[in-house]
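Below you'll find the structure, written out as structure tokens, and then a few comments.
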Amino acid sequence: MAAEDGQVIGCHTVEAWDEQLQRGNESKKLVVIDFAASWCGPCRVIAPFLAELARKLPDVIFLKVDVDELKTVAQDWAVEAMPTFMFLKEGKIVDKVVGARKDELQQAIAKHAAPAAATASA
């Protein structure tokens, strides 16, 4: 599965999920995971905002996991509410935002992506 920078990558199988997670770990980039559900209103509301962030921040990897589609992944990550955003750096959870909170989402991305973004633009 080829992933494009500047977009939210949907993970529809556990294999695709594992592959994207591995890619994120190896890249040392910030990985933002959106745990969502098709029936979740706030998830649908935040999705275009997330897509816009992905376009603006090509140095951040954005993944989307449908909790109904990948139940085992959602359970492994202890996702209890949608949307839940997990922030990973080299395989470690560095932050988490629960709910469709645009400000918190942007702040967490800015906080954890800053070092990589600062060196890339220098």
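Values below: every heavy atom of this structure, side chains too, minus hydrogens, waters and symmetry copies.
- Screening Val31, Ile93, Val97, Ile33 for a side chain to side chain contact (heavy atoms under 4.5 Å, CB included) involving Phe87 leaves a single residue, Val97.
- One hydrophobic cluster, built from ILVMFWY side chains closer than 4.5 Å, cannot hold both Leu105 and Val45; they sit in different ones.
- Residues passing the side-chain contact (heavy atoms from CB on, under 4.5 Å) test with Lys96 are Thr84, Met86, Val98, sequence neighbours excluded.
- Distance CZ/Phe85 to CZ/Phe62: 9.5 Å, rounded to 0.5 Å.
- A distance-only check finds no donor-acceptor pair linking the side chain of Arg55 to the backbone of Gln7 [under 3.5 Å].
- Residues meeting the side-chain contact (heavy atoms from CB on, under 4.5 Å) test with Glu80, sequence neighbours left out: none.
- Between Trp77 and Phe35, the two ring planes are tilted [angle within 30° to 60°].
- Side-chain atoms of Ile109 and Val32, non-hydrogen and from C-beta on, do get closer than 4.5 Å to each other.
- Residues Val65 and Asp34 have side chains not in contact (no heavy-atom distance under 4.5 Å, counting atoms from C-beta outward).
- To the nearest 0.5 Å, atom CD1 of residue Ile61 and atom CD of residue Gln20 are 7.5 Å apart.
- Taking CZ of Arg101 as the reference point, atom CD of Gln106 lies at 14.5 Å (rounded to 0.5 Å).
- Contact annotation: the side chain of Val8 never approaches that of Leu63 to less than 4.5 Å [non-hydrogen atoms, C-beta and beyond].
- To the nearest 0.5 Å, the span separating CD on Glu90 from NZ on Lys29 amounts to 13.5 Å.
- Using a 4.5 Å cut-off on side-chain heavy atoms (C-beta onward), Lys111 and Asp95 make contact.
- Looking only at distances, a side-chain donor or acceptor of Asn25 sits under 3.5 Å from a matching main-chain atom of Gly91.
- The side-chain heavy atoms of Lys102 and Ile46, taken from C-beta on, include a pair separated by under 4.5 Å.
- In plain terms, the two heavy atoms of Pro42 and Ala100 that are nearest each other are O-CB, 3.7 Å.
- Between the SG atom in Cys11 and the CG atom in Asp66 there is a gap of 11.0 Å [rounded to 0.5 Å].
- For Ala37, the side-chain contact (heavy atoms from CB on, under 4.5 Å) test picks out Trp39, Cys40, Val67, Asp68, Met82, with sequence neighbours left out.
- With rounding to the nearest 0.5 Å, the separation of OG in Ser27 from NZ in Lys89 is 9.5 Å.
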